[in-house]
> 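Pasting a structure below so you can have a look.
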Protein chains: 2
Amino acid sequence: MRPRTRRGGGRPTIADVARKAGVGAITVSRALREPDRVSRELREQIDKAVAELGYVLDRNARALASARADVVAVLVPSLTNNVFADVVRGLYDGLGDSHLQLHIGNTHYSGLEEERLLQGFIGQRPSAVVLSGIDQTATSRAILKEAGCPVVQIMEIGTDPIDMMIGFSHVEGGRAVTRHLIEAGYRRIGFIGARMDPRSQRRLAGYRAALEEAGLFDLRLVTTTTAPSSVSLGRELFRDALAKVPTLDAVFCNNDDLAVGVLFECNRAALAVPGKIGIAGFNDLEMMDVAYPSITSVRTPRYDIGRRAIAMARAAIAGERPEQRVVDTGFELMRRESTAR
Amino acid sequence: MRPRTRRGGGRPTIADVARKAGVGAITVSRALREPDRVSRELREQIDKAVAELGYVLDRNARALASARADVVAVLVPSLTNNVFADVVRGLYDGLGDSHLQLHIGNTHYSGLEEERLLQGFIGQRPSAVVLSGIDQTATSRAILKEAGCPVVQIMEIGTDPIDMMIGFSHVEGGRAVTRHLIEAGYRRIGFIGARMDPRSQRRLAGYRAALEEAGLFDLRLVTTTTAPSSVSLGRELFRDALAKVPTLDAVFCNNDDLAVGVLFECNRAALAVPGKIGIAGFNDLEMMDVAYPSITSVRTPRYDIGRRAIAMARAAIAGERPEQRVVDTGFELMRRESTAR
DNA sequence: AAGGGAAATGGTAGCGCTACCAAGATCGCG
DNA sequence: CGCGATCTTGGTAGCGCTACCATTTCCCTT
């Protein structure tokens with residue numbers, strides 16, 4: 001009958017450290033969590049014992065004992081998408097020197113998948129949850145309200161936050177870029193959209209509103225697909241759009257990948273940009289400014305949203321409730337050569 | 001003196017489910033993990049109780065009790081980079097219906113950061129670890145050998161795997177594309193590199209070997225920076241390279257972002273591609289085939305590497321040791337318009 | 001000098017789950 | 001029909017850590 005080491009792989013525990021340092025286990029625990037509350041002398045002994053034993057804290061045990069994990073659960077619809085890659089980078093940088101960990105889940109733009117992931121994450125009792133958009137299912141909302149931890153919805157704003165929210169209006173983004181195209185003198189302005197998730201739908205709504213306002217809307221101008229966005233898809237959709245409406249003189253693409261595809265296709269087909277065709281994208285990827293001609297786009301503060309979302313979550317974890325639960329970051333229309341007619 | 005609910009937020013536990021279903025707690029635990037080992041009748045009662053109580057398994061408690069978390073720790077050098085985004089997508093898809101979770105860490109191309117993250121991840125007792133490249137520090141290697149779980153190094157191969165390895169030779173990739181440029185008739189072939197992490201260094205080594213073999217190498221042909229890669233950086237570096245060597249007639253870019261930047265700059269400066277300047281990239285992003293002209297690149301099976309890495313890890317977790325510890329996926333040279341002279 | 005309070009340290013009792021073992025029920029086979 | 005093998009179920013005892021409370025020591029007041 002082995003007395004100890006029945007299961008754990010024999011890794012040193014906090015008790016081993018305590019024995020070696022000649023202190024109580026709880027003091028080691030404290031030295032690790034709140035060094036200020038332990039005398040310098042003991043702290044040094046403990047640090048030494050930790051180093052000598054190669055002790056590593058068992059996060060699972062800590063999470064169980066303290067009924068919460070130092071984890072922020074993050075749900076994004078895609079990781080392949082540059083847009084969310086920037087957000088995630090901002091989230092990471094927002095962590096700073098906190099001992100929080102990020103656990104990223106990929107919803108693949110599916111509300112049900114989001115529910116499933118949420119279920120799993122909540123089982124870890126995260127310190128906070130960050131999720132994308134405002135179109136959670138009723139079940140997801142219920143789970144989150146129940147969870148009792150700060151929740152930050154990002155990339156979009158709306159009137160009914162689960163808890164907190166930081167982002168911008170996609171309707172206004174779509175409207176702004178479309179108005180710009182109208183002002184530039186374009187008249188047959190197409191919309192090209194891939195994926196057509198709720199945010200894309202709202203960009204389309206903004207586009208439509210702007211065109212209707214000017215009496216220029218025509219359903220045939222809209223070319224969309226639910227297939228995932230890509231540069232090659234931009235080419236395909238542009239060809240379709242042009243076949244449908246040969247008088248097309250501009251396109252607003254629901255994201256920059258598509259816009260780049262349209263540009264390449266125009267180059268290939270010798271359609272002058274911006275003379276013959278105006279092109280505008282959305283998100284303002286770094287590439288848009290370098291393209292030839294450079295491409296008009298809507299700059300969205302993705303990295304910043306990530307950073308600030310974590311800052312909001314950290315403040316809320318610390319008990320500081322913000323006076324403003326919904327933060328509108330706005331966006332910036334970047335006028336470039338591709339629409340300078 | 002409250003008898004129960006001292007800490008946990010009052011969420012139902014496995015004991016609550018057991019009481020409601022009229023069975024022992026351990027039977028509930030089994031029904032959740034190995035449904036086949038519980039009679040149909042009890043299983044249905046338990047499922048019902050779970051649903052009614054809204055029971056969610058506490059992963060921390062499970063991990064503590066079973067001394068391992070159903071987690072695969074993944075370390076990648078960057079999340080913003082399309083290349084690793086594809087790998088991560090493959091990893092996710094490789095998970096399939098297993099109950100494994102992915103925990104992603106971002107090393108920012110730093111060995112020390114990798115060590116730090118590894119330390120944290122090991123504290124969670126992951127079921128497996130996946131990490132990028134073959135240049136881990138001695139400390140990292142030691143930690144991993146100690147950890148006693150399967151380890152998969154990805155995206156590159158070498159002769160001294162920590163455990164398992166899947167990827168391809170970056171030296172050969174660089175050599176192949178450079179030879180192609182030589183065969184296409186280019187003579188003053190530049191190398192443009194950003195970041196210059198170890199894999200980029202090895203691509204450069206392959207480039208150099210190919211040029212030396214042909215008696216064409218010249219140090220001034222190499223233009224690199226440690227700054228992170230971007231399309232605009234491709235433009236800058238190309239300008240620098242051209243200023244240094246005005247007779248430059250081709251460039252091999254250590255990745256596709258740079259190559260696109262070079263293409264845009266050539267368009268802007270009215271340098272004919274491939275006539276005046278040949279361009280080749282690395283990784284074969286989807287965009288390369290759509291660009292005008294389309295850009296030669298080295299296709300790397302990133303998504304596939306992700307999937308197969310998880311498959312290898314899962315097999316190893318299940319106790320199946322592969323006969324082949326190092327898997328060379330190879331790569332494919334995609335010859336396109338940008339080098340078709 | 002007595003009293004009050006803060007700071008430093010430790011002991012006890014779980015957190016919610018599962019490994020391990022035991023025991024009863026069922027079955028097959030000679 | 002007896003006996004071992006298999007299946008199903010349950011009890012006990014932790015996993016490694018921390019919340020909660022108790023204790024001791026040392027100041028600082030008054």
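Numbers restart at 1 for each chain; the letters A, B, ... are given by sequence-line order, proteins then strands.
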> Over 60° means perpendicular and under 30° means parallel, so tell me whether Tyr92(A) and His108(B) are parallel, tilted or perpendicular.
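Correct class here is perpendicular.
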
> With a 3.5 Å cut-off and sequence neighbours excluded, list the donor-acceptor pairs that the side chains of residues 72-90 of chain B form with protein atoms.
from, atom 1, to, atom 2, distance (Å)
Ser78(B), OG, Thr80(B), N, 3.2
Ser78(B), OG, Asn81(B), N, 3.1
Thr80(B), OG1, Arg89(A), NE, 3.3
Asn81(B), OD1, Val83(B), N, 2.7
Asp86(B), OD2, Arg302(B), NE, 3.0
Asp86(B), OD2, Arg302(B), NH2, 3.0
Arg89(B), NE, Thr80(A), OG1, 3.3

> Considering non-hydrogen atoms only, spot the tightest contact between Pro12(B) and Gly54(B) and give its length.
CG-O, 4.1 Å

> What nucleotide among dT18(D), dG10(D), dG10(C) has an atom nearest to a side-chain atom of Val23(B)?
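The answer is dG10(D), which lies nearest to the side chain.
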
> Name the atoms and distances for all side-chain donor-acceptor pairs under 3.5 Å in residues 150-157 of chain A, with sequence neighbours left out.
from, atom 1, to, atom 2, distance (Å)
Gln153(A), OE1, Ile162(A), N, 3.0
Gln153(A), NE2, Gln136(A), OE1, 2.9
Glu156(A), OE1, Arg202(A), NH2, 3.3
Glu156(A), OE2, Arg202(A), NE, 2.3
Glu156(A), OE2, Arg202(A), NH2, 2.6

> On DNA chain D, check which nucleotide each of Leu64(B) and Gly22(B) is closest to and give me the residue with the more 5' one.
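Closest to the 5' end, via its nearest nucleotide, is Gly22(B).
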
> Below 4.0 angstrom, which residues in residues 36-53 of chain A have at least one non-hydrogen atom near DNA chain C?
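Correct list: Val38(A), Ser39(A), Leu42(A).
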
> Run the salt bridge (charged side-chain N to carboxylate O under 4.0 Å, His left out) test against Glu34(A) and tell me which residues pass, sequence neighbours left out.
Arg37(A)

> With sequence neighbours excluded, what pairs up with Asp163(B) under the salt bridge (charged side-chain N to carboxylate O under 4.0 Å, His left out) test?
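Arg321(B).
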
> Which nucleotide in the list dT18(C), dC17(D), dG16(D) gets nearest to the side chain of Ile14(A)?
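For Ile14(A), the side-chain atoms sit closest to dC17(D).
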
> Could you tell me which non-hydrogen atom of Ile14(A) sits nearest to which non-hydrogen atom of Tyr55(A), and how far apart they are?
N-CE1, 3.6 Å

> Could you check how far CD of Gln124(B) sits from P of dG16(D), rounded to whole Å?
16 Å

> Quick one: Arg11(A) CZ to dG16(D) C1', roughly how many Å, whole number?
10 Å

> With sequence neighbours excluded, tell me which residues meet side-chain hydrogen bond (donor to acceptor under 3.5 Å, both in side chains) with Arg307(A).
Tyr303(A)

> Rounded to whole angstrom units, what separation is found between the CZ atom of Arg19(B) and the P atom of dG16(C)?
12 Å

> Sequence neighbours left out, what passes side-chain hydrogen bond (donor to acceptor under 3.5 Å, both in side chains) with Asn106(A)? Give chain and number order.
none

> Which atoms of nucleotides 24-26 of chain D (N or O only) lie under 3.5 Å from a protein N or O atom, and what are those distances?
none

> What salt bridge (charged side-chain N to carboxylate O under 4.0 Å, His left out) pairs are there with at least one residue in residues 137-154 of chain B, not counting sequence neighbours?
Arg141(B)-Asp160(B)

> Using whole Å, what does the distance between atom C1' of nucleotide dA19(D) and atom CZ of Arg62(A) come to?
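After rounding, the gap between these two atoms is 13 Å.
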
> Suppose we screen for side-chain hydrogen bond (donor to acceptor under 3.5 Å, both in side chains). Which residues come up paired with Thr137(A), at least two apart in sequence or across chains?
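For Thr137(A), the residues satisfying side-chain hydrogen bond (donor to acceptor under 3.5 Å, both in side chains) (neighbours in sequence not counted) are Glu115(A), Ser140(A).
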
> Compare the minimum distances between each of dC17(C), dT18(D), dG10(D) and the side chain of Ala65(B), then state the nucleotide with the smallest one.
dC17(C)

> Nearest to the side chain of Ser66(A), heavy atoms from C-beta on, is which of dG16(C), dA19(D), dT18(C)?
dA19(D)

> Starting from P on dT18(C), measure out to NE2 on His99(B) and report it in whole angstrom.
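Answer to the nearest Å: 11 Å.
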
> Could you state the atom-to-atom distance from CD of Glu34(A) to P of dC17(D) in whole Å?
16 Å

> With the threshold set at under 4.0 Å for non-hydrogen atoms, list the residues of residues 24-33 of chain B touching DNA chain C in residue-number order.
Ile26(B), Ser29(B), Arg33(B)

> Round to the nearest Å and state the distance from Asn60(A) atom CG to dC17(D) atom P.
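Value for this atom pair: 10 Å.
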
> Under the rule for salt bridge (charged side-chain N to carboxylate O under 4.0 Å, His left out), what residues qualify as partners of Arg59(A), not counting sequence neighbours?
none

